[in-house]
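Okay, structure first, notes after.
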Amino acid sequence: MVMKKNYAFVDGNNLYHGALDQNISLDYGRLRLYLRNALNVQKAFLFIGYIPTNTDLYNMLQTAGFTLVFKPTVPYDDGDGQTVKGNVDAELVLYASAIEYDNYDKAVIVSSDGDFACLAKFLNGNNKLSKIIAPTAQYSKLLRPYNEFILPLKDIRGSISGGMARNK
């Protein structure tokens, strides 16, 4: 039997905030091991906004086994003051549907964001959707047609929590 080559495409901000909101002490190293051991993910892309002062975070994520794809961030006022946004949706879809598409057999999407419903539809229609790991307590209604693929982050809490690489 030939082993399938699976890739993961991780919405870094959605994962971070989803874990934080559910009080999950996310260990990125353990998450990467879970992806490899439970879902046979050979390569895991983590899409994240680039902030020059976050070098330690980026080093930790790479050490944990993630391939980082950076998006430039833009400043904006969120009502509580100045913050930055690095919307990675387009890059994640582009990597999964074009840049890396021919390099993997099945894809794992890590996001609860309804913006990825079109990607889930495309991958499912081409028999390339493995799982959608939903980091937030509730995932977008737009992903409901793919309920059979949904794996809530809280369901794997025991496998991905604790350790040294805690969310900061």
Side-chain angles (χ1 to χ4, degrees), residues 3-78 80-113 115-116 119 130-137 139 151-168:
M3 186 72 78
K4 296 278 185 191
K5 185 180 350 177
N6 298 338
Y7 281 12
F9 301 92
V10 181
D11 178 343
N13 193 48
N14 191 261
L15 173 61
Y16 173 78
H17 286 288
L20 195 63
D21 290 347
Q22 296 184 81
N23 201 28
I24 296 173
S25 176
L26 181 60
D27 179 320
Y28 287 91
R30 291 186 69 183
L31 172 62
R32 184 63 187 95
L33 286 172
Y34 177 85
L35 291 171
R36 183 174 60 226
N37 296 336
L39 300 175
N40 197 39
V41 170
Q42 281 77 40
K43 197 165 192 179
F45 293 93
L46 192 140
F47 297 82
I48 190 168
Y50 182 76
I51 300 171
T53 56
N54 283 352
T55 306
D56 290 343
L57 169 65
Y58 305 142
N59 288 337
M60 180 274 295
L61 292 168
Q62 289 173 319
T63 299
F66 290 93
T67 299
L68 302 184
V69 179
F70 294 108
K71 171 79 180 229
T73 55
V74 292
Y76 75 99
D77 188 344
D78 66 355
D80 291 329
Q82 200 71 356
T83 189
V84 294
K85 180 142 178 86
N87 193 338
V88 300
D89 296 4
E91 283 76 11
L92 193 151
V93 170
L94 183 63
Y95 268 71
S97 64
I99 293 172
E100 294 293 335
Y101 185 79
D102 292 332
N103 298 326
Y104 65 88
D105 297 306
K106 296 276 186 175
V108 175
I109 301 170
V110 182
S111 184
S112 303
D113 191 332
D115 289 342
F116 298 114
L119 177 61
S130 172
K131 285 280 179 215
I132 301 171
I133 298 177
T136 58
Y139 55 89
L151 174 61
L153 190 69
K154 65 181 168 77
D155 288 2
I156 60 171
R157 172 191 302 254
S159 298
I160 63 170
S161 295
M164 301 182 315
R166 188 179 168 166
N167 276 344
K168 299 195 183 217

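Atoms considered below: every heavy atom in the structure, side chains included; atoms not considered: hydrogens, waters and symmetry mates.
Residue G12 comes nearest to L46 through the heavy atom pair CA-CD2, 4.0 Å, listed as atom of the first residue, atom of the second, then distance. Shortest non-hydrogen contact noted between R157 and N23 is NH1-O, 3.2 Å. Closest non-hydrogen pair, A44 versus L35, comes out as CB-CD1, 4.3 Å. Between S97 and L119, the closest heavy-atom pair is CB-CD1, 4.2 Å. For the residue pair N14 and S111, the shortest heavy atom distance occurs at OD1-CA, 3.4 Å.
Taking the side chain to side chain donor-acceptor pair (under 3.5 Å) definition, one finds that Q22 meets it with nothing, sequence neighbours left out. Under the side chain to side chain contact (heavy atoms under 4.5 Å, CB included) criterion, S159 pairs with Y34, not counting sequence neighbours.
Relative orientation of the Y50 and Y58 rings is parallel, given thresholds of 30° and 60° on the angle between their planes.
Side-chain rings of F9 and Y104 approach one another, their centers coming within less than 6.0 Å. In this structure, Y95 has its ring center no closer than 6.0 Å to that of Y7.
The main-chain N or O of K5 is found under 3.5 Å from a side-chain atom of D105 such that the two form a donor-acceptor pair. S112 contributes a side-chain N or O that, together with a main-chain N or O of T136, makes up a donor-acceptor pair within less than 3.5 Å.
V93 is not listed as a side-chain neighbour of D115, based on a closest heavy-atom distance of 4.5 Å or more. Side-chain contact between V88 and N13: absent, with no pair of heavy atoms (C-beta onward) separated by less than 4.5 Å. Residues I133 and L39 meet the side-chain proximity criterion, which asks for heavy atoms closer than 4.5 Å. At least one side-chain heavy atom of I48 sits less than 4.5 Å from a side-chain heavy atom of L57. With a 4.5 Å cut-off on side-chain heavy atoms, F66 and R32 count as touching. Side-chain contact between D11 and D89 is present, with heavy atoms from C-beta onward closer than 4.5 Å.
Heavy-atom contacts from other residues, nucleotides or ligands closer than 6.0 Å to NZ of K106 number more than 12.
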